[in-house]
Amino acid sequence: MNKIVRNLFILILILVFTIAFSSSYLSLSMDNLAYVLVIGIDKGKDNNLEVSFQFSTTSKSTESGSTEKTPTVMDTVTAPSFSTAVNLMDSYIGKELNLSHCKVIIFSEELAQEGISEEIYTLINDTQIRPSANIVVSKCNAKFYMEQTSPELENLISKYYEIFTNSSKYTGLKPNATIGDFFNAIICKTCEPVAILGGISTEKPENQGNNHIQENYNVKSNQTPIEGENGSENIGIAAFKDDKLVGELCALETTTYLALHNRVDRFLISIPDPDDTNGYIDIYLYPNKSTKVDIDTSTTSPFIKVKSAFIGRIYSMTNSSQYLEPELLKNISETCNKYLESVFSDYLYKTSKEFKSDINGFGKHALGNFFTTQEYENYNWCDNFQNAFFEVEVNTSIKSSMLLTET
């Protein structure tokens, strides 16, 4: 009897697994799926969305060492919602869209200004969308941005989108902004979301060539002096208040944002040369300590103290440079401190007074000043942040790169 029961149990298990795996194989076969690499969302007519999907396709050349770029396909559908767009696209291409390989989600500036919370909630609710997918706000149509993106050094566009934010660690010119972080910032009450600022390299700075050193730090996407095969560019930050786009940050302001968040390993800046009123010195700065933030919330005008420390190495050099002299290095350090304090302060007041948005996440530090969550909510940090005052202190230790014996 026990043998019969055991055999019956084994037979049932075999049938269950056979049915389960056979059905999943039929529905999830690679031949029945269309893998989406990039999603672009634009504002359409009559309150509709124009959603563009970029797919990977099988390359005709599979030989080892081939330099041929893997082709992609892009289709666009107009629909009242993102979910409807996916459903319509499933029917159009005759395959089920798979979003698990989506690397980037692009919103047009026009749509972002009106609010994108509905799209963000829908995307984050889809179990296929990875929280690590980056968010880009394009200053042009999202579809056009996707069409212009043609990486020069990568044959696989999926590889390009996977690594294109890596440079933020050593340039500080764009953030690594993900949909997971964006969603968390929307629902929390201690910070505001940001996205990568994207654009097309069509406009050139009017003052290019005049005081060009500083001009290069004030550019953002759509304004860079870069020319190349890749028509799209990503420099700067798109700042949000709740789910609405409220402003943009240029290259230098983006570096400041990342430095205050301890998200940059090193970055290059140009400071005034203390020995030459018309000259500048290029310096590589390395964070020495994590940014320290102290906040006084005893009044409805928060008083925020920010302290940062860096180690700097002089990068530029001329025949007449005397950067080994201790006194000159001390003067350069002091000049660098004053310059960074001014830059940081201007940035903080811009986000507070102009954007009225705590993209810096200072609310997380202010939260410790209250005994209960209710007390914090009663303080109304998100609205009171626009009344904030700032005190910035920067300490840098500048060394010459000619000092080869130092590390």
Side-chain angles (χ1 to χ4, degrees), residues 112 115-118 120-125 131-132 135 175-195 237-247 249 253-264 287-310 337 340-395:
I116 56 175
S117 61
E118 183 175 344
I120 293 294
Y121 275 81
T122 300
L123 288 163
I124 208 71
N125 189 52
S132 59
I135 286 191
N176 181 22
T178 67
I179 187 173
D181 291 338
F182 196 101
F183 174 74
N184 290 335
I186 286 181
I187 63 175
C188 82
K189 298 181 180 180
T190 60
C191 60
E192 300 288 356
V194 299
I237 284 178
F240 283 74
K241 175 73 173 179
D242 295 324
D243 69 327
K244 293 182 174 62
L245 178 67
V246 293
L249 299 177
E253 293 165 337
T254 300
T255 301
T256 302
Y257 168 89
L258 294 174
L260 289 175
H261 281 74
N262 307 303
R263 295 180 184 175
V264 61
N288 190 24
K289 298 178 181 178
S290 297
T291 302
K292 183 179 179 181
V293 178
D294 291 315
I295 302 179
D296 181 357
T297 53
S298 58
T299 69
T300 54
S301 296
F303 183 68
I304 303 174
K305 294 182 179 180
V306 177
K307 294 181 66 176
S308 295
F310 302 93
N337 290 340
L340 289 178
E341 287 172 358
S342 175
V343 169
F344 282 23
S345 182
D346 290 344
Y347 158 80
L348 291 171
Y349 277 108
K350 181 175 184 176
T351 59
S352 173
K353 307 302 181 186
E354 185 178 335
F355 296 169
K356 299 178 175 59
S357 174
D358 182 18
I359 61 173
N360 310 287
F362 287 140
K364 298 176 183 178
H365 299 275
L367 190 61
N369 293 350
F370 302 90
F371 290 105
T372 64
T373 302
Q374 187 60 51
E375 286 184 12
Y376 175 78
E377 293 178 353
N378 292 340
Y379 185 79
N380 199 8
W381 171 264
C382 291
D383 289 333
N384 282 332
F385 179 69
Q386 63 183 299
N387 303 321
F389 291 92
F390 300 91
E391 180 181 296
V392 180
E393 180 181 338
V394 177
N395 292 306

Can you check whether [X] reaches [Y] side chain to side chain, under 4.5 Å on heavy atoms?
X    : Y    : answer
F310 : V394 : yes
V306 : E393 : no
F303 : E391 : yes
R263 : Y257 : yes
F362 : P302 : no
Y347 : T255 : no
P175 : L258 : yes

Does the [X] side chain pair with the main chain of [Y], one donor and one acceptor, at a distance under 3.5 Å?
X    : Y    : value
K364 : C191 : no
N360 : L348 : no
Q386 : S352 : no
K241 : C382 : yes
D242 : K244 : no
D243 : I186 : no

Is the CD atom of E118 crowded by more than 12 outside heavy atoms at less than 6.0 Å? no
Of all the heavy-atom pairs spanning [X] and [Y], show the shortest one and how long it is.
X    : Y    : value
A238 : L245 : CB-CD1, 3.6 Å
I295 : A366 : CD1-N, 3.7 Å
A177 : A195 : CB-CA, 3.8 Å
P131 : T178 : O-CB, 3.2 Å
N387 : S301 : O-CB, 3.4 Å

About how many Å separate [atom2] of [Y] and [atom1] of [X], when rounded to the nearest 0.5 Å?
X    : Y    : atom1 : atom2 : answer
K350 : S357 : NZ    : OG    : 12.5 Å
D181 : I135 : CG    : CD1   : 9.0 Å
T297 : N369 : OG1   : CG    : 3.5 Å
I304 : D358 : CD1   : CG    : 7.0 Å
F390 : K353 : CZ    : NZ    : 7.0 Å
L249 : T254 : CG    : OG1   : 5.0 Å

Any idea how F389 and Y349 line up, ring-wise: parallel (<30°), tilted (30 to 60°), or perpendicular (>60°)? perpendicular
Look at the rings of Y379 and W381 and say which category their plane angle falls in: under 30° parallel, 30 to 60° tilted, over 60° perpendicular. parallel
Could you tell me whether F183 and Y121 have their ring centroids closer than 6.0 angstrom? yes
